[in-house]
Undergrad: 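Handing you this structure, nothing more for now.
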2 protein chains.
Amino acid sequence: MNPEMLKGHLDAVVLSVVEGGAHYGYAIIKEISQRSQGALNLPEGTIYPTLHRLEKAGLIVSQWEQAPSGRKRRTYTLTDLGRRTLTERCDQWNSFANVITALLTKPRAATAL
Amino acid sequence: MNPEMLKGHLDAVVLSVVEGGAHYGYAIIKEISQRSQGALNLPEGTIYPTLHRLEKAGLIVSQWEQAPSGRKRRTYTLTDLGRRTLTERCDQWNSFANVITALLTKPRAATAL
DNA sequence: ATAGCATACCTAGCAACGCAGGGTATGAAA
DNA sequence: TTTCATACCCTGCGTTGCTAGGTATGCTAT
């Protein structure tokens with residue numbers, strides 16, 4: 001799958017997954033891969049900078065946590081702004097998807113009759 | 001609408017419109033705007049480089065034509081490769097859209113029960 | 001013990017893309 | 001003769017996802 005296609009949509013995906021309960025980077029990658037049936041396998045070099053960008057934008061906040069195994073994890077939570085932004089982005093996605101789908105659907109005898 | 005969202009999908013859109021019968025740059029812009037109900041108003045700085053890129057890739061071919069008004073136009077036509085690529089890109093779009101839609105749809109009590 | 005693997009984080013630099021902002025030229029309308 | 005719509009072009013920029021590296025921990029098998 002052409003990586004260029006993801007551009008502009010990754011934020012929404014990450015926000016959505018964070019809202020859903022997968023809280024730290026490594027788990028978010030696995031979650032996305034799983035929930036997309038392996039269609040979307042994001043490398044770490046994609047997810048970590050994205051999380052930092054979202055945090056800098058005030059959409060999520062991070063907190064170091066101790067996993068049961070004793071490992072350190074940086075867990076993320078949606079802010080209010082993040083929640084609102086997610087809703088907005090979902091609406092934008094729906095509009096966008098409708099537009100593109102319409103454009104890719106051949107007019108087929110429906111044009112300028 | 002966030003311009004970043006279009007990335008990776010514009011080729012398919014342009015190919016689709018060219019296949020549909022709008023043959024030259026300026027008209028393609030109008031056609032896209034019209035068929036998207038004004039949601040997608042591409043600036044010329046977007047469409048012309050894209051057409052050149054597609055031509056260089058062998059997906060379309062161009063030809064100078066004389067419009068009825070006497071104006072010169074560079075008209076584009078799909079090549080066989082372009083037609084095949086369009087089909088492929090449409091399939092890719094559908095898969096992509098399904099994946100993103102699924103990810104943006106909240107699991108809602110369906111996760112890990 | 002120790003080698004290997006999954007986990008878990010990070011960064012610098014690259015390449016691609018859409019767009020802003022500029023330019024040229026023609027024909028029709030005012 | 002000025003204005004507008006048509007019609008084309010290009011340079012340079014900002015954003016973004018990815019590549020390719022790196023560090024460190026804990027478990028497991030040798």
Side-chain angles (χ1 to χ4, degrees), chain A residues 1-15 22-34 36 39-57 59-60 62-76 89 96 99-100 103, chain B residues 1-15 22-34 36 39-57 59-60 62-76 89 96 99-100 103:
Chain A
M1 185 178 287
N2 176 12
E4 212 71 27
M5 298 203 299
L6 234 197
K7 287 198 179 178
H9 309 288
L10 180 59
D11 288 9
V13 167
V14 170
L15 288 175
H23 300 307
Y24 60 101
Y26 199 80
I28 292 172
I29 292 174
K30 303 296 180 193
E31 174 87 0
I32 290 177
S33 172
Q34 184 189 322
S36 69
L40 219 52
N41 294 301
L42 303 180
E44 304 185 0
T46 290
I47 211 69
Y48 289 114
T50 298
L51 287 169
H52 300 159
R53 184 157 39 81
L54 292 176
E55 183 167 30
K56 201 145 117 188
L59 307 183
I60 54 181
S62 72
Q63 195 178 348
W64 281 102
E65 263 187 20
Q66 192 93 12
S69 59
R71 320 250 345 217
K72 293 271 191 181
R73 293 169 178 169
R74 189 188 276 274
T75 62
Y76 291 91
R89 290 290 169 82
F96 175 78
V99 166
I100 300 300
L103 282 167
Chain B
M1 184 178 291
N2 175 11
E4 212 72 27
M5 295 201 301
L6 234 197
K7 287 197 180 178
H9 309 289
L10 181 58
D11 287 10
V13 168
V14 170
L15 288 175
H23 299 306
Y24 60 101
Y26 199 80
I28 292 172
I29 292 174
K30 303 296 180 193
E31 174 87 1
I32 290 177
S33 172
Q34 184 190 320
S36 70
L40 219 53
N41 295 301
L42 303 181
E44 304 185 1
T46 290
I47 211 70
Y48 289 114
T50 298
L51 287 169
H52 299 158
R53 187 158 38 80
L54 292 176
E55 183 167 29
K56 202 144 112 188
L59 306 183
I60 56 180
S62 73
Q63 194 177 349
W64 281 102
E65 263 188 20
Q66 193 91 14
S69 60
R71 321 245 350 213
K72 292 271 191 181
R73 291 169 180 169
R74 189 188 277 272
T75 61
Y76 291 91
R89 290 290 168 82
F96 175 78
V99 166
I100 300 299
L103 282 168

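Below, chains carry the letters A, B, ... as their sequence lines are ordered, and counting in each starts from 1.
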Undergrad: In whole angstrom, what separates Y26(A)'s OH from dC9(C)'s C1'?
TA: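 Nearest whole value for this atom pair: 11 Å.
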
Undergrad: For dA8(C), does OP1 or OP2 lie under 4.0 Å from any side-chain N or O of Y24(A)?
TA: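 Looking at the OP1 and OP2 atoms of dA8(C), one of them is under 4.0 Å from a side-chain N or O of Y24(A).
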
Undergrad: With a cut-off of less than 4.0 Å, is there a side-chain N or O of R53(A) near OP1 or OP2 of dG17(D)?
TA: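 R53(A) to dG17(D) OP1/OP2: side-chain N or O found under 4.0 Å.
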
Undergrad: Among all residues two or more places apart in sequence or in another chain, which pass the salt bridge (charged side-chain N to carboxylate O under 4.0 Å, His left out) test with R74(A)?
TA: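 Here no residue qualifies.
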
Undergrad: Please assess E55(B) against S62(B) for the test side-chain hydrogen bond (donor to acceptor under 3.5 Å, both in side chains), listing each intermediate value before the final yes or no.
TA: CA-CA 7 Å; E55(B) 183 167 29; S62(B) 73; 2.8 Å; yes

Undergrad: If you define the side chain from C-beta out and look only at heavy atoms, does anything of L6(A) sit under 4.5 Å from L42(A)?
TA: yes

Undergrad: Both S69(B) and Q66(A) contact DNA chain D. Which one's nearest nucleotide lies toward the 5' end?
TA: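 The residue mapped nearer the 5' terminus is S69(B).
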
Undergrad: Return no unless some side-chain N or O of R74(A) is found under 4.0 Å from OP1 or OP2 of dC10(C).
TA: yes

Undergrad: Does a side-chain heavy-atom distance below 4.5 Å link Y26(A) with E44(A)?
TA: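 In short, these two side chains touch, coming nearer than 4.5 Å.
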
Undergrad: Can you confirm whether M5(B) sits close enough to M1(B) that some side-chain heavy atom of one is under 4.5 Å from a side-chain heavy atom of the other?
TA: yes

Undergrad: For DNA chain C, what residues of residues 4-12 of chain A have any heavy atom nearer than 4.0 Å?
TA: E4(A), K7(A)

Undergrad: Whole angstrom is fine here: how far is it from CZ in R89(A) over to C1' in dT16(D)?
TA: 13 Å

Undergrad: Could you tell me whether the side chain of W64(A) reaches within less than 4.5 Å of the side chain of R73(A), counting heavy atoms only?
TA: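 A side-chain contact under 4.5 Å is absent here.
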
Undergrad: Write down the distance between CD (E31(A)) and P (dT7(C)), rounded to a whole number of angstrom.
TA: 14 Å

Undergrad: Can you tell me how far C1' of dA15(C) sits from CG of N2(A), to the nearest Å?
TA: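 About 12 Å, once rounded to whole Å.
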
Undergrad: Does dA7(D) have OP1 or OP2 under 4.0 Å away from a side-chain N or O of R73(B)?
TA: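 Answer is yes, contact under 4.0 Å.
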
Undergrad: Over how many whole Å does the gap from Q63(B) atom CD to dC8(D) atom C1' extend?
TA: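 So the two atoms are 17 Å apart, to the nearest Å.
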
Undergrad: Near DNA chain D, counting only heavy atoms under 4.0 Å, which residues of residues 44-52 of chain A show up?
TA: G45(A), T46(A)

Undergrad: Rounded to the Å, how far apart are I29(A) CD1 and dC10(C) P?
TA: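 Rounded to the whole Å, the gap is 11 Å.
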
Undergrad: Atom CG of L42(A) and atom P of dT19(D): how far apart are they, to the nearest Å?
TA: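 Value for this atom pair: 11 Å.
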
Undergrad: Could you state the atom-to-atom distance from CD1 of I28(A) to C1' of dA8(C) in whole Å?
TA: 12 Å

Undergrad: Closest to the P3(B) side chain: dC19(C), dC10(C), dT6(D)?
TA: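 Side chain of P3(B) sits closest to dC19(C).
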
Undergrad: Do L51(B) and I28(B) come within less than 4.5 Å of each other through their side chains, counting heavy atoms only?
TA: yes

Undergrad: Measuring only between side-chain heavy atoms, which start at C-beta, is F96(A) closer than 4.5 Å to H9(B)?
TA: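 In short, these two side chains touch, coming nearer than 4.5 Å.
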
Undergrad: Between L103(A) and L40(B), is there a side-chain heavy-atom distance shorter than 4.5 Å?
TA: yes

